[in-house]
Amino acid sequence: MRSVRGQAYALEGIIVSLLLVGSLVFALQVTAVTPLSASTSSQHIENQQRAVAEGVLATAVEQDALKIAVLNWNYDPGSDPSRFQGIPASAERSFYVGGGPKNEFGVLLERAFSNRGIVFNVLVRPSVDIDDDGDDDGFATKAQRMVYRGEPSDNAVTATRLVTLYDDDVLYDGDEHPTSTRINGDNFYAADVSDDVLYNVVRVEVVVWRQ
Amino acid sequence: MKGTDRGQTNLDFALGVSVFLLTIVFVFSFVPGMLEPFTASTQQETAASDRIADQLAQEMLVSDPGEPYRLDRECTVIFFESRQDGLDPGGDDGENVDDDPDFGEPFGAGTYSGSCNFEDVPLEERLGLDTAAGTPMDVHIRLVRDLTTATADDPDGDGTGDDDKVDTLCIDANSDHRIVEANDPGSGRQCDRTGSDDDVLFEIGPTPPDGTGSVVVSRRFVHFEGRFADGTNDAMLVVEVW
């Protein structure tokens, strides 16, 4: 009579393992991970950030702070580059990097985001008139940065708001008072895209993500 | 020739068994994690919290749904007056800053003649929360802000001055209806909900539990009609559901 000891070959062990893992993978098709599953950056967190950004933009519009922030441009006809008010000429850039803009809009942004570890970029995207016919043709592909704190993460959200600029709008100075300089294609980052009283319609984009 | 010898070395056996055992251990520890989406999670609370925050900031507390995030001063005060906490509901006659029709203590003395976007019912019903048996949800809502002047941040003069801490807001009805930080409300303080002071604390609902379960928080950035005691008018609406 043969007596065979019940011991497994290596090959048998490997095949059994493959079979087990294979059936596990098959069973994984049944499970569901939804966008609301708990994780460090779930859909819920992104929804909250987007809603808060929308609220900040709505508040800024109501206080007229958004338009002042868009027009808070320091056109320096000397050798210094044009930039937003409050940025030193030696910085050689036109946008803020250390926080919100130096005006009421910046105060609102920092109040909403800064002490919760949430970072924001602000872009101002003007309309363009590609074919020079006096009607605008949509928004520019290249936007003017107002605040740039780095490359947004994969889980960043955006809230936008349109601001309408007219031919008789003026630039604002560092104390948020209007100057007497009307905006035109030379002293402002957006061009006049319309032959009538409208100057340009810019889109302010606030990009928010968790650090 | 005996037929009892299998052509196998000890090493061959060890390899096979260890691969097999490793796989067994891995599979048995992975399977419970696979079942996790089907267990009770906070999905319901998450959806409710987000919905309630949107509803409050864009419909119920606003004067004009075309201008979301802009809270009507009187209706917000009325919303946060709870009649279930045993305290006298405060008056709100001084809150009419937008000249819509006056509300003479609608939740206090009786006749509700105003037109706020919610009904004169308990909090859970107002928000459409299911309070029936099963898995009842609780909600806690408040308006918070860190005000920027010492008189607004520390109206009692406790010595903390203008700190950088966020606190619940309170409307100090017997001092010109100014809105200040609550700063530990109580009898004899600037924010006094008892007695004849009629101050209203912008907080309603049971206190969330400390350790058990999970509390889902939603936030909205809103602004008030009129100003707070420090001249600003923006606040954060915090909705906690568990």
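What you see is a predicted model, and the numbers here were worked out from it, not measured in a lab. Naming convention: chains lettered A, B, ... in sequence-line order (proteins, then strands); numbering from 1 in each chain.
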> For Q49(A), is it the side chain, the backbone, both, or neither that has a heavy atom closer than 4.5 Å to a heavy atom of chain B?
Replying inline: neither
> Between G13(A) and V19(B), which heavy-atom pair has the shortest distance, and what is it?
Replying inline: O-CG1, 4.3 Å
> Considering residues at least two apart in sequence or located in another chain, which fulfil the side chain to side chain donor-acceptor pair (under 3.5 Å) criterion with E151(A)?
Replying inline: Y148(A)
> Residues of residues 234-242 of chain B under 4.5 Å from chain A (heavy atom pairs)?
Replying inline: D234(B), M236(B)
> Which region of T232(B), side chain (C-beta onward) or backbone (N, CA, C, O), has a non-hydrogen atom less than 4.5 Å from a non-hydrogen atom of chain A, or is it both or neither?
Replying inline: side chain
>> Quick check: closest heavy atoms across Y69(B) and A58(A), and the distance to 0.1 Å?
In response: CD1-CB, 4.0 Å
> Can you tell me how far the CZ atom of R219(B) sits from the CG atom of N47(A), to the nearest 0.5 Å?
Replying inline: 14.5 Å
>> Report which part of R116(A) has an atom under 4.5 Å of a heavy atom belonging to chain B: side chain, backbone, both, or neither.
In response: side chain
>> Please report the interatomic distance CG(L15(B)) to CD1(I14(A)), rounded to the nearest 0.5 Å.
In response: 5.5 Å
> Hey, does the side chain of Q48(A) reach the backbone of S218(B) with a donor-acceptor pair shorter than 3.5 angstrom?
Replying inline: no
> Closest approach of V52(A) and F221(B), non-hydrogen atoms and distance?
Replying inline: O-CB, 3.7 Å
>> Restricting to non-hydrogen atoms, name the atom on V222(B) and the atom on T59(A) that form the minimum distance, rounded to 0.1 Å.
In response: C-OG1, 4.3 Å
> Side chains of L20(A) and F26(B): does their closest heavy-atom pair fall under 4.5 Å?
Replying inline: no
> How far does CD1 of I15(A) sit from CZ of F20(B), to the nearest 0.5 angstrom?
Replying inline: 13.0 Å
> Considering only heavy atoms, which portion of V217(B) lies under 4.5 Å from any heavy atom of chain A: side chain, backbone, both, or neither?
Replying inline: backbone
> Please walk me through it: do V21(A) and F30(B) pass side chain to side chain contact (heavy atoms under 4.5 Å, CB included)?
Replying inline: CA-CA 11 Å; V21(A) 171; F30(B) 191 82; over 6 Å; no
>> Going by the rule salt bridge (charged side-chain N to carboxylate O under 4.0 Å, His left out), which residues pair with D54(B) if we only count those two or more places apart in sequence or in a different chain?
In response: R220(B)
>> Quick check for you: among N233(B), L11(B), D146(B), which has the greatest number of heavy-atom pairs under 4.5 Å with chain A?
In response: N233(B)
> Taking only heavy atoms into account, what residues of residues 97-114 of chain A are found under 4.5 Å from chain B?
Replying inline: L108(A), R111(A), A112(A)
> Would a 4.5 Å heavy-atom cut-off, applied to side chains only, mark I24(B) and V16(A) as touching?
Replying inline: no
